[in-house]
Amino acid sequence: MKKPILFLVSTLILVLCNNCSQHKSEMDKFVDNLLKQMTVEEKIGQLNLLPIGFDVTGPRLSENVEQKIKDGLVGGVFNTFTPNAVRKLQEIAVNQTRLKIPLIFGYDVIHGHKTIFPVPLGMSATWDTLLIERCATAAADEASADGLHWTFSPMVDIVRDPRWGRVSESAGEDAFLGSEIAKAFVRGYEQGDLSKQNTIMSCVKHFALYGASEAGRDYNTVDMSRIRMYNEYLPPYKAAVEIGVSSVMTSFNEIDGIPASGNKWLLTELLRNNWNFGGFVVTDYSAIMEMENHGSGDKAKVSEMSINAGVDMDMVSEYFVDELLSLIKEGKVKEQTIDVACRRILEAKYKLGLFADPYRGLSDKRAETQILNKEKLALSKEAAVKSITLLKNDNNILPLDASKKIAFIGDLVKDQRNLTGNWSGAGDYKDAVSLWMALEKQFGENKFFYSKGCNIIDDVELSAELNKYGTQITIDTKSPQQLINEAVQTAMKADVIVAVLGESFGMSGEAASRSNIELPSNQQALLKALKTTGKPVVLVLMNGRPLALQWEHNNIDAILETWFAGTMAGEAIADILFGKANPSGKITMSFPRNTGQIPVYYNYKHTGRPFSQNEKYTSKYLDVSNEPLYHFGHGLSYTQFSYSDIQLSDTVMKENGNITASVTLTNTGKTAGEEIVQLYIRDIVGSITRPVKELKGFKKIMLQPGESQKVEFIITQDLLKFYNSDLEYVAEQGEFHIFIGGSSTTDNKSRFILK
Ligand code: BGC
């Protein structure tokens, strides 16, 4: 029986491979032929990516883009979409230029295009890679229907500093989880076949190490050892490359003293030679120009550095179009280098099918039926529900009993503007369902009490600054004290208080670093006043980063982290608050106790003087513990789960063998619920020091009350590998501890030896 199947499978593989190579040789022929016809100027034009439309995120905006397209000086544009707008520009490229080469249209489709999903940090809290893939596919479907071919996503920068506003665009602090999520995004956007009209090219960013900018200040310097890079920061970019990401975006920071956009070691040795990346490299917004500010040289010099380092496409600077021709004449850049870069961009266009149909995917009909349709909204709600993370729930105050009198307090209760979060691209906040809208829909009007209680922030200057990029904060004409008094009066009428607080969307994201990550002081004052009522208080948070919540943790009964949960945020939060859905999210970034503890992350290294309360000369603070407030992997449920001891198939792993570790997970509570089972491994002794533990597996398991399930992990030797001091990827013999449980603090432990 087996043979015919095997035969069929191998024939199929052969046919597919033949198709692939045939396809490739057709593409090669096509591109060779095109390149032969191109002037050097035209080739350089293909390396130019210009913004047109809106959304300026840097110091420069291009002018006369339409004319430049006609002149053959543009390879792609970004920040414009809709079938009409795209058609108009594409027509110029294919009708009015000499060689009729179509443009690529890019955009920051970061967590949805028009249907907005939770911010990526929230998405990562689902630990649900299939769900993330489905969201990316849905985003690609909408974006491609709107004329786009390319998204600047996923951002896979490892982040350990919640002062950095862009942590909201990340998948958190862990390289293993980050790699799985990176792959899910790429698979979802590209589906392994860019010729499909509903796919878009993805772009892994920001290569590399952008998440480690000093002091959490955006665009700041990075300095890091190779060992840390390879083991802790590079894996998600590498994972994206291995799964076939089409493009890579450079980062703003320097690496070993050389800005990423001019760093040959990074872009050629590592990315091309070691990782075999075959797509194209684009810079971040005006990053080549910014190399002058870094002190790398003048305009000509940084252009030379950048192209010779391995950049293929210049986003916004227009330095390539200005400088490359003379650099070739001076012999500083080889024409062949331009050919290689241009070929990569033409290949991307070919793979997208743009030469066959420059209007790929464009149809008003598709845009009408695919964008914000029922399925997309249901998916957005599913993602929001699964991202919401219950941080604390004393006395099971949640879920709420709708027959009780409940006061909802806070400016964010009725807010739509902030729900879609930062980088919500083409999403319109007016499509978002606020919590109040969802409550009224479910329970009717006037069922609950409401009071505003405070502005998001009282700082007039800061709110004016934030509002420059779209109103997100309104300062009430009533004084802060008046607002608090009214809220307390309202709260006094209720049995339970739900305070909905946090950040405005612009308080996290790009160029939104904060040096103090507590709730704004006026919100803290409100919470303190609500606490004095003696009524139970639930804190519902909307924000884009881990906050420092020590006081809140000590004083508030329940804390529900909802991130910026997207278009269906309100419905998802209401379902969780009233128990229609059971929270299952787990945080992917540690929440510090205070800002001074940063960076605090779970997979730290031991010191020679480990913490001890009773000894003075150990590694600790005088005024705060070493532990974060909420650990990586933490998140509660309305039910409880118990874990059996770990069963190992063997206590010895032979070279290239593997062992199976299993636990029995039981839902011991009264509600159906999903648990994220996490596997951590600690390498006890290494040729270089090893982290206290590292995530090496996870599974999401749904259980009915009383139900049990055996959960298995296969531990391969690959999972034990790390980069040693010679940057060789090795597993070293010796003892390993493994932990399986519901968070990174689990002490459910076993051990084995690698021989
Ligand atoms: C950001 C990128 C983004 C680009 C294009 C830059 O400022 O760093 O993440 O993709 O702008 O909008």
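Every number for a ligand or one of its atoms is a count from 1 in the order of the listing.
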Query - Sidechain-backbone polar pair: Glu304 side chain, Leu327 backbone, donor-acceptor under 3.5 Å - result: no
Query raised in the report: Distance from Thr137 atom OG1 to Tyr189 atom OH, nearest 0.5 Å?
Result: 9.5 Å
Query - Interfacing atoms of ligand 1 (cut-off 4.0 Å, heavy-atom, Glu510) - result: 1 (C), 6 (C), 7 (O), 8 (O)
Report task. Answer yes or no for His206: is there a heavy-atom contact with ligand 1 below 4.0 Å? Result -> yes
Query raised in the report: Could you walk me through whether Arg514 and Ser508 pass the side chain to side chain donor-acceptor pair (under 3.5 Å) check?
Result: CA-CA 8 Å; Arg514 294 177 62 197; Ser508 57; over 6 Å; no
**Report entry** Ring-face cation of Arg272 near Phe277 (centre distance under 6.0 Å, axis angle within 45°)
**Finding:** no
Query raised in the report: Are Phe117 and His111 close enough that their ring centers fall under 6.0 Å?
Result: no
Query raised in the report: Charged N to carboxylate O below 4.0 Å: is that the case for Asp157 and Arg166?
Result: no
Report summary line: If we number the atoms of ligand 1 from 1 as shown, the ones under 4.0 Å from a heavy atom of Lys205 are 2 (C), 3 (C), 9 (O), 10 (O)
Report task. Would you please classify the geometry between the Phe355 ring and the Tyr350 ring as parallel, tilted or perpendicular, with 30° and 60° separating the classes? Result -> tilted
Query raised in the report: Quick one: does Tyr107 get a heavy atom under 4.0 Å from ligand 1?
Result: no
Query raised in the report: Which ligand 1 atoms, with their elements, are less than 4.0 angstrom from a heavy-atom of Trp423?
Result: 12 (O)
**Report entry** Residue part near ligand 1, for Met249, under 4.0 Å between non-hydrogen atoms
**Finding:** side chain
Query raised in the report: Does an N or O from Tyr210, backbone or side chain, lie closer than 3.5 Å to an N or O of ligand 1?
Result: no
Query raised in the report: Is the closest heavy atom of Arg166 to ligand 1 under 4.0 Å?
Result: yes
**Report entry** N/O separation below 3.5 Å, Asp284 to ligand 1
**Finding:** yes
